[in-house]
Structure formats: C-alpha cells, structure tokens
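What follows is one structure encoded as structure tokens, with my remarks underneath.
Below, read A as the first sequence line, B as the second, and so on, with proteins coming before strands; counting in each chain starts at 1.
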Amino acid sequence: MVEDMDFYRPNTISEAVELASDKEVTFFAGGTDLMVHYYEQLDDLGDIVDLTAIAELDGIRQENDLLHIGAGTTHQTIVNSDLLAADLPWLVQSAKEVGSPQIRNRGTIGGNIGNASPAADTVPALIVSDATIELVSVDQKREESLSDIFVSPGKTTIARDELITDIKIPVVSDNAAGSFQKIGKRNALAIAVINCAVFVKIDCEEDNFKEVRICLGSVAPVPYKAVAAENFLVGKEINLDNITEAAKIVQEQIDPIDDIRGTAEYRDDVAEVIVKRAICDALEQLEVEL
Amino acid sequence: MSKVPITLTVNNREYSFDVEPDLRLVDLLREKLGLMGTKEGCGEGECGACTVIMDGNTVHSCMVLAAQSDGSEVLTIEGLGSADNLHPLQEAFIEHGAVQCGFCTPGMILSAKNLLDKNPSPTEEEIKEGISGNICRCTGYSKIIAAIKAVANKGGAS
Amino acid sequence: MDQVVGQQVNKVDVVDKVTGEAQFAKDLGYDGELGFDADEMLHLKVLRAPHPHAKINEIDTTKAKELSGVEMVVTADDVRPLENFGLIFEDQQVLVTDKTRYMGDSLAIVAAETEKIAHKALDLIEVDYEELEVVTSPWEAMQSDAPIIQEDFCYTEVFYPPNDKADQCSLDDLDNKLCNCNLHSSYNLKKGDIDTGFAEADHIFTNEFQTQHVEQLPLEPEAGVASYDEESGEYTLWTPTQWLHDMQYDVANSLDVAPEKIKVIQPTIGGAFGKREDVSVHIHLALMAELTGRPVRLAYTREESMITQSKRHPINFKFKTGVTEDGKLTAWEAEVTGDVGGCASSSCAVVHQALYHCTGPYNVPHVKGKSYAYYTNNTYTGAMRGFGATQAAFAYESQIDIIAKELGFDPAEFRLKNAYQVGSTTPNGQKLTTSVATQDTIVEATKNLGYEPGTLNKDNDEKSATTESATKKRGTGIGTIMFGNGFGEGYPDHAYCNLKIKEDGRVVLETAAADVGQGVLTVAAQLVAEVLNISVDRIEVPQATTEMKNAGSTSATRQTIFSGNAAKLAAENLLGEINNLVFLKYGLNFPEFEVSEGEIRPHGDHENVTFGQLAKLAKERGEELSAEGCYFPETIAPDEEAGQSKLNYVAYTFNTNVVEVEVDTETGEVDVLNVQAAIDLGKAIHPQNVEGQSEGGIAMGMGMALTEEQIIEDGITLNPNMSGYIVPTSMDMPNIDTAMVESGDAAGPYGAKGIGEPVMIPVVPGIINAIEDAIGVRIKDLPATPDKILKALSEKEDN
C-alpha cells in the first residue's frame, strides 16, 4: 500500500469536492466494488475520500415532478422505500437483485453508477426511468443524462474531481410501467449474465405504445440502450407479434462477448427472451391482455 | 501515511485507535481486538464469513475500512453470547445440527440475528434471502434454515 | 442410560463453533497462546509461477530484500536441496529449480514483519524466464510431439505404485519419442470375457462423457503457523490437514529430518473435501521457521488457494455397454482418461478409482477397462469428495439412463433389475457378502418423491402442469451409486484410538482423526459412550496432534469404520480394564455388577464405585486406567493385468437420489425443486449428522451438475474467486429428505458404513437425468450450464 495514502471523512458535499479539487482522490462509499481489489489494487486508489458520513447524500424524496435519490443511498434503502415501490417498482427490483443483504446494506446507487460495470443491475433500471445525475465539483454543478456517461467498462465521462450527488427521475405518469429482468448463474450473489429493464407508456384509446425505453446490461461494454427496438414499437399496436419483433431487433443489434459467465451466443438467445418478458411484465402491470 | 483517529463501540465496549487508512474493519477486529470469531473466507464480499452487524445492519467487515467505522456500533459473534450464556440462535444452531466445519457459523448467525431483528417472523423464503450472502459449503443450508425458523417460532432472537 | 448410538447428541466441538471461540489456523499466534508474542511472528508470502510452463533462468530477489521490513527472501538457490513432495507420487518441488509446470508452482518465499510488506515484496522479485509450450489437455499431452512436463518421471510403462517393471525411459527413448512421457499412470480392469459379453448382447450402446475441473472450496483458505527450536531441532506446525501423520511424514521427508522432529497440531478445520490431503503451507512454514529462527505464519488468499491447490479431475469416459432385449447388462467396456495437471498428487489412485467404479452398483458379468492419467500444465488435480467415483457415477448413471430409455424401461425398474444384491461381484471380482441394500435405496427414494418404480418418467405433462408458464418443464431423474469404503486395494490402512479415565472420572478420548466438520469426533465419542454406558458429555476430546497414534486419513469415507471401530475397540478394552480392576479390588466378577453413568454398581450390598475412584485406585497401583483400540482390516491389492482382488474394499455404501427439476426452455436455467435421498449406510450412528452430510453433499453435487467449473484456459484460471466460481447459495436449495436404510454391515461399528463421499454423488446424474426427462436433451459434459442446455435444445429442434 502506498506510504502517503491519506483518508478523509468529510461531512458535506462541498468539503468532499474541495478535497478532490487539488489532488488525486478516490471517492469511496460502501466499498463493495473497490474493496474487491484489496489484495491487488488498493495501492492505486491514492487518497481516499469516504462519503459515508455525508448525510446530504443519503435519502429518497419527491420534489414536484421529480424523484431524488441521493447518490449515497444504499441498495437496501431503495428496496425498503415505499415511495419507490409505488412509483418505480422495477428500480426496487433491480436493487433487490444486487449481490446479497450485506452488499445491499453497504453498496450505494452512486457507487453502482460510478463503478461503470456493464453488468450493474440498477443502471439499466435507472436509464429506462430517464434518470439524470447531478455532478458536483468545486467549479461547477452540472447534470447529465445517465445514459450518456458510460464510455467503457469502468470508465465514464465523469471528471476526476466530480462527485455524483443526486439522481433525478421524473415521476411516472399514468398508463406507464416498467420491469426489470435478470439472468444470473444462481439466485443470490449473482453478477448478471444479462439483465434488462424496460419502461412502456401506452395509449389506452389507440391501443398502442406511446413511449418505450429498453436497456440491457452485460451485452456490450456499456449499458445498451435498444434504440432501434424502442423506435420500432412506438406508435405500434400492442400485441405479441410486435413485442416479439422488437425483441428480435434487440437480438440482431447487440454484439455481446464470451466471458466466464456466458457465451455470446447464449446472450444473443436470451436477450430476446428477457426483452420480451420485460415488456410483457410491464404490460401485465397495466392490465393489458395480450 | 497519516493515521486516522477513530472511536467505535464493539460489543458494547468503546475503543479508540489510530488506524492506517487502508486497514480493514476485519483486521481491526481480529488483529487489534483479538476478536477471532470474525472470519475471512474470500476478501471480496462473496462468502459472508466476515459478516458483522454495524449500526444495525450486516456488513462484510472485509469491505469496510476501519477508518469508516468511526462513531459506529459493531456487534461480532463474541458479543452475542458465550458458552455459559448462549444466545437463542446459538442454542438452536447446536440443537438443529446447523454446524459442520463452523467457519461460516459466526457470520451466518449474525445474518440470522439481523434478519430476525428486522423481521421477527420470517417465511422460509425470507430466511433463505436473509442468509443468501453467507456461503456454507458443508450443510446445504437446510439445518441452518430450520434453526432460524425454530428461534422465530419461539418468539425471536432478542 | 439410554442407548447413545443412533441418537442425536450435541457435537463435541459445537459450542466453540457457535460462540466464535473455535480456533482456526489463521486465528493463531496473536495473543501469545502458542508461546511467543505476535510481534515475533514473521509473515510469509510465496511467489507463484509467472507462466504455466516456463524455464526459469534467474530469480532476482535483490530489490525485495532491500524493502524495509523484509527479513528474508529465499529461492531454490538459497536453500539446501529439498526432496519433492506429493500425496502419493512425489514430483512437486518445494521451490522450483528448473521450470514451472503449473501456475501454482513456488518460485520464492518472502518472510517479512507484516503480511502487507511480504505482499509488496513479491512485486519486487524479478523473474527471467523462457516460455515453453503449454499443454492444456490430456489429448494434447498424449501427442507424440507434445512437450514433456515432468522429465524426471518418464516411464516406459507406469503402474501405481511405480515399480520395478516400470523402466525409466532412456535418453534415447526420449529423443526418439518411444515412450509417452506425459502419461503418468495407467491401469487395467478385466473381468469375464468382454467378447462373450458383447456376443450375448442384443443392443450395444456407445457414449462419451466428460467432467470438469471442480474446486473443493472449503470456506477456510489454507493457513498455518510454525516454530522451530534450534536446540532440539524440533518443528511445531499449527495447521490443518486431513491426515496428521502423513503430513508429518511429508514435511520430514522434504526437509530430510526424522518424522519425530515434526509435530503437527490440528486446529479447528474449516472444511476440507479432499483439498487438505495435499501439502499446502506446511513445508514452506517449517522451512522458513528453521531458516529465520522465528515463528512464521502463512495464509493463502482465496485466489492463491484456487490456483495452487488441487482440483477435482476432469475425466473423460468412453463407454461401450452390451444389454439384452429384456434389459440385462452383459458387457461393459470403459476407457477412462484423466487430467493430472502439473504434478501428480493422488492422480494415479483417483483415475483408477474412477475405472474401478465404472459399472456402478450393477451386475455386469463381463467388464474390460483401461485408465490413463496424463500430465498437463493445468492446476494439478487430486482428491475431492468421491475421488474419481463421483465423475464415474455421472457417466455410468447417464449411460444406464440412456439404455433404459432406449429399451423402453422405467429408469428405476431398469436399475432394480440389474442392481447388486448380496452375492453380486464387483468389476474387481470382489464378491459382496454383507450389507447390500441397493435395491431398497432405489425403492425408498422413488417412493419418497411420490412415485413407484415403473412410473418415474411417465406423465410429463402432468409434472409440468403446475409450472408458472408453458415454457417451464418439469422432470424427474434418478441416480444410484456405490462407493468403496477405505483405501482398500491392499494399501496399509489402519486407525488407533486411545482412552483414559481421569481421576475426576471423565473419559479422555484421544484420536488423531481429523474432524473436518463431518463429526467423526462425535461419532467416536458416541461409540465409546455406548460401550461404557455413559453419556457423551462425560467424554473429553483433546486437540489432535501427531503425538497421538495414527488414525489414518479423513478421506475414502473411512473414518466411521476405521476410527469408529478403533474407538469401539478401545472402549471394549477399557471396559475389560475396569472389570479387571473391580475384580482385583472387590472380588466382583461381571455380571455381579453393572457399569453405568461412570459408576460401577455392584448388585447386593457393595457401595457404588465411580470411574474417578477406579482411576485413583489404578494410580495407587502405579497404573493408568487406559486402553487402546486399533482397527487394521485386511484388503488385497488388485493384480496389475486385470485389476482383480477378492477383497478390494472393506465395505460398500449405496445411495440413491431421486430428483425433481424445472427447466426454463427459453433461458436454459434449471431449478432443482426436490431431492429424495435414500442411503444404505448400514447403521446410522448419528442420524442428524447423516442428514446434515446428505444435505451438504447434495448442495455440492448440485454445484458440480449445474454451475461449478474452475475455468482454466492455457493453464490460466479465469475465475479464481468466489464471484466467478459459482457454488449454491441458500436461495438455490431444494427441499431435501434423507431416508436411512440400515442394512447392518459386518465390518462397521454397530453395522455402520461411511457416508462422507457417497452423499454427494448420486444427485449429479440425478439432475442430469431429470433434465433429460423434462426437456428431452442429454448433457454429456458437465456442468449443465444454461448455455449448453439451450444449445442442445436448439440442436434437438433442428433435427
């Protein structure tokens, strides 16, 4: 471990970003991603800025038409949130699928974003919810659409001195629902072989899809937004054929890889299945008969 | 490397230390406090053997930096009960044959306690979920689940 | 006093385990309990191979030695010549002298004031090496132009143990490739006449099966502490092992000192499953304690444990089986090929045990087989629960299922038709004379899942009627297995147990048997309690050390029979001592008194005498009230030409698992719903322990069937961690019930046979057969991952 490593535990966001303004630091919250590399990589972290004492990073609240989830909110807090259960049950489901109770108790939603794993569970659920993130540095405060920040595994457009502070999600309107589906190698402690979140808004009178958002994890170096399939469905009649066709489009467009969790071929095959299942599940919540 | 002053409560006793920034909570508990009941099985938050209860929630003590535990309250297996004064979960684990090699047992019991603290009468599925972060390679979990169920039926783990 | 055998008693070591007081190896040395301060202790780290097959030119440790806090860094060049080690075959170097053979080979050992510094020093060691071609499988290893992995162990013909007939290859032979040097061992099996067998068959089935590298994954990684006393030349090791006295020998042999100079003390053991049979930290600890003159400690990371220590062998089975129209097996031919990895360990025995178990618990008059074990540059393979017989059972129970289905038999009925009974003869030619309840296990397990033999694979639509969606299909499958207890095969195999009554009346039970969590110490205590008519809590079981007498290995499903019998014999001998003393002192002869709850209770007007009083009495006579038991049954070595032995194993355990699964036909995911086990274990000494073993074995078997694989590509493990190596969690477990069939074995204590390994075996083929029943595809290479299932389903549709 580096000899000059220092540890800071600020109580406010401004103190935290101040620390990051003039030196290399690693923002460190639940540690559930960073500590995995304890035996190989802790040397590389440089100074550590612990975020777990910053109260303003923690918590879920609604302000007007926006839901705010503090970046330091743990997965378990999301699982326990009545507000989210009512409005974004697919996000709650995605948080529930993270790791294990110990990891959900400690790991944060901001960490899940910042870690930029292509297999992150909450990220597809947030992306289809149209989430934006607030980034704060000493110099500025800016907002980014979550779907725009991912560059490659472990890499984002977030600057070194910026801290994710808040996640903002528009309140879900009527006639809209979502779903999160995951295939892991076991029923707990599973990293996604593939996962998928969808959001659909329907036009009940016209019986068609008004808005569709589909995002998959573990099929590309970054969370994969299935734009072609989304575009295909919007305005189309709600029926199984169209859903199947959209799922096929996803399958045709993705280009997954082989890794220890699954083959590219398998991911291709099941992408279609889980996209279809996710859309059907969302429609079922809207009491649409297929 | 400048040390970090911390004060924390472990098993109802307060301690103060100056810790290295990269010291893990598991190492603090084991090497500085001699609480060897907390085990390290993988060092990456996958096995659950290092589980302790921190401020009312189970955490992997191998994933928490000791410096982060400043001001917190930690319960390890040593604080739960002793040979002369066994906790109901410890008694149930004995009676139901829920222990084989014993390496997962401290963490498993603490996960069970935290589950029952939050949900005194869990269903079997909830019990399974409550201990899903604790790998046991010996028992197949059946007897562990039975032991937890028995304590829940008797009115909890207080 | 009620009976103790067959009852539930609390395990003798359990209170320490639930309170966190139990001391595992990594917990030792920090509070002065070993006779030195924590500060005195040096921390070791081992530099592993940079490449799976590389010639080592130079190891430069200069920079590592300069790091502050580093006490010593040694390579092979810095130490006296050390003997190779290995569980059966000694071909692994303590420190590599010439080249690496797999990624776990040791290049250098660092001793430093802290673990962190030792870890850092590893990065400062520079290794100059030349990459050699990597041999990744037996199929590559057997090619005539394959690079040779173990040059010093090339034989023209290899048997276990390598004998006079096994001529070492000459250099000319090597140059001319006249011998295949990567063949580590090969065995034969011949019973009856295979040609006759096939001539009698109406149908012949040929199939090939393949298993994977499986990690035992005991939850406690390898660790230990050692000290060295320069004056006496004695080494003390606190580190777990499945066999104390074999470890003592291994360390002594490598360091070239007398075994009595090595004392090994057994800490609480955090699981084993075969992985703690091999040397891990032991020799390095002893060596560094000696060289540094300070106590030393070495603890592996999980990654190091997975890359360095043994795996379950991937084994390939090629079966050709003959069967008559009415479903009688006539002939079974087997070719069995195992992947040894970079060093041999127990490979010769594992792969031939797979061969010897190749027909399962079924009568086959004509058998012919050959096994081969090839060196590769993969992580080496050795013992894991079932020791080759687990792999074999997946293969033979798949083959049996295929045959039953093709010929239109119900799988349970087909098995009943061919299953062993008393009087059956194994492939080794051993006639079974006692305790063969194979058929009862089949009937019992099938019934307990709600079926009768004859209906197991029927009504598939009905089975799937309750599933959530039409894409989920249910199926049932069966696995029935046999397992030989003990090393057998004429190998010297015995166990001692010593008992002593103290002046406080408590009974001290000394056994060197390793309790890896399975409960052998409790079983031994129960047997002693039964004989002495006392409750188990009057018995003390001290920590095992090499200063006790040899109890043999906790492996080969042998401790219930071996250490169990030794404990029972010791107790009977102790009862004799008690009777003798009572006669000498009081003139009473059994049955003029009874022995109960630690007292001698004479009939008539004599006062009771306690065990404590008797112990004092013995002391006054200058004696100790103690006794010894030793169990040393005979087995006979199979001959080399045909593998025949009239007495190959001491006993055989039979186990059937009937399994219900649900398969998602769209994702290939398999959910195991229900497992019904029925074990012929002779007699259950501790029924709750039996259930616990069975449940744990089934979990481990589920992992092997569905998710577990150490993925090794070009000699490199891709998933050396618990996030990538997938074992079952609580949320993956099915309902499990275990029925105990008590057939009463002639050799076992109170009729008991061992169950440690056989409990994990039948569920593996049971799951595979259930998947086939559900969706009509057969997975022939493990594990049955969703990828493979989906692929097989789509191939089936294409056809």
Side-chain angles (χ1 to χ4, degrees), chain B residues 20 22 27 30-31 34-49 76-83 86-87 89-106 109 125 127-145, chain C residues 8 10-11 13-24 26-28 30-31 38 116 216-221 268-273 299 301-303 515-519 686 688-689 691-700 702-703 721-723 727-733 735-736:
Chain B
E20 300 84 12
D22 61 352
D27 302 320
R30 288 174 54 84
E31 292 170 22
L35 298 171
M36 294 294 180
T38 304
K39 306 299 177 193
E40 182 179 349
C42 72
E44 54 162 9
E46 287 287 334
C47 79
T76 74
I77 190 69
E78 290 89 349
L80 193 67
S82 60
L86 291 169
H87 184 274
L89 274 164
Q90 292 169 320
E91 278 175 349
F93 269 57
I94 294 173
E95 193 185 321
H96 288 267
V99 180
Q100 288 190 31
C101 87
F103 199 79
C104 76
T105 307
I109 288 178
E125 272 315 295
I127 293 174
K128 285 184 174 182
E129 197 183 313
I131 58 167
S132 62
N134 295 74
I135 297 291
C136 172
R137 189 60 160 163
C138 298
T139 67
Y141 308 98
S142 300
K143 304 234 172 289
I144 293 170
I145 294 163
Chain C
Q8 181 197 325
N10 291 346
K11 286 188 181 171
D13 52 358
V14 73
V15 173
D16 283 351
K17 287 179 176 177
V18 298
T19 53
E21 293 298 314
Q23 292 198 305
F24 296 83
K26 211 180 161 184
D27 307 337
L28 299 169
Y30 284 91
D31 68 356
K116 215 187 278 180
Q216 300 89 339
L217 211 90
L219 210 56
E220 180 202 16
T268 307
I269 308 171
F273 314 114
T301 61
R302 176 61 63 185
E303 178 174 1
D515 197 320
V516 294
Q518 88 283 33
H686 192 305
Q688 189 190 57
N689 264 5
E691 286 175 3
Q693 285 278 292
S694 175
E695 289 154 4
I698 285 164
M700 196 173 269
M702 280 173 55
N721 49 55
M722 289 180 70
S723 55
V727 301
T729 70
S730 53
M731 292 180 77
D732 301 294
M733 293 308 295
N735 175 63
I736 299 170

For residues [X] and [Y], report the shortest heavy-atom separation together with the two atoms involved.
| X | Y | result |
| --- | --- | --- |
| C:M722 | B:C42 | SD-CB, 3.7 Å |
| C:I736 | B:S142 | CD1-OG, 4.3 Å |
| B:G102 | C:F24 | C-CZ, 3.8 Å |
| B:C101 | C:G270 | SG-C, 3.4 Å |
| C:T19 | B:A83 | CG2-N, 3.8 Å |
| B:C47 | C:L219 | CB-CD1, 4.0 Å |

Find the one option among [options] whose heavy-atom pairs under 4.5 Å with chain B are most numerous.
| options | value |
| --- | --- |
| C:A38, C:G20, C:S730 | C:S730 |
| C:I698, C:T268, C:N721 | C:N721 |
| C:V516, C:V15, C:L217 | C:L217 |
| C:P221, C:A272, C:G697 | C:P221 |
| C:T301, C:D16, C:V14 | C:V14 |
| C:G703, C:P218, C:P728 | C:P728 |

Would you say [X] and [Y] make side-chain contact, with heavy atoms under 4.5 Å?
| X | Y | result |
| --- | --- | --- |
| C:T729 | B:I135 | yes |
| B:R137 | C:Q216 | no |
| C:M733 | B:I145 | no |
| B:Q100 | C:K17 | no |

Is [X] close to chain C through its backbone or its side chain, or both, or neither, when contacts mean heavy atoms under 4.5 Å?
| X | result |
| --- | --- |
| B:Y141 | side chain |
| B:E91 | neither |
| B:S132 | both |
| B:L86 | side chain |

Point to revise | Polar side chain donor-acceptor pair, B:E95 to C:Q8, under 3.5 angstrom | key: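 B:E95 vs C:Q8: no donor-acceptor pair found between side chains.
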
Practice item. Hey, could you give me the CE/CD1 distance between C:M731 and B:I127, rounded to the nearest 0.5 Å? Key: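 So the gap between those two atoms works out to 12.5 Å.
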
Option that, when pairs with chain C are counted at under 4.5 Å, heavy atom only, ranks first among [options]:
| options | value |
| --- | --- |
| B:V99, B:T105, B:T76 | B:V99 |
| B:T38, B:I94, B:I109 | B:I94 |
| B:K128, B:E125, B:E129 | B:K128 |

Exercise for review: Mark yes or no for whether C:E695, through its side chain, and B:G140, through its backbone, hold a donor-acceptor pair below 3.5 Å.
Suggested key: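 Not confirmed, C:E695 side chain does not pair with B:G140 backbone.
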
Exercise for review: Apply side chain to side chain contact (heavy atoms under 4.5 Å, CB included) to the pair B:M36 and C:D31, showing each step before the final yes or no.
Suggested key: CA-CA 11 Å; B:M36 294 294 180; C:D31 68 356; over 6 Å; no

Practice item. Identify whether the distance between the nearest side-chain nitrogen and carboxylate oxygen of C:E220 and B:K39 falls below 4.0 Å. Key: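 A salt bridge is absent here (no side-chain N lies under 4.0 Å from a carboxylate O).
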
Exercise for review: Indicate yes or no: does B:E44 engage C:R302 in a salt bridge with an N to O separation below 4.0 Å.
Suggested key: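 C:R302 and B:E44: not salt-bridged.
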
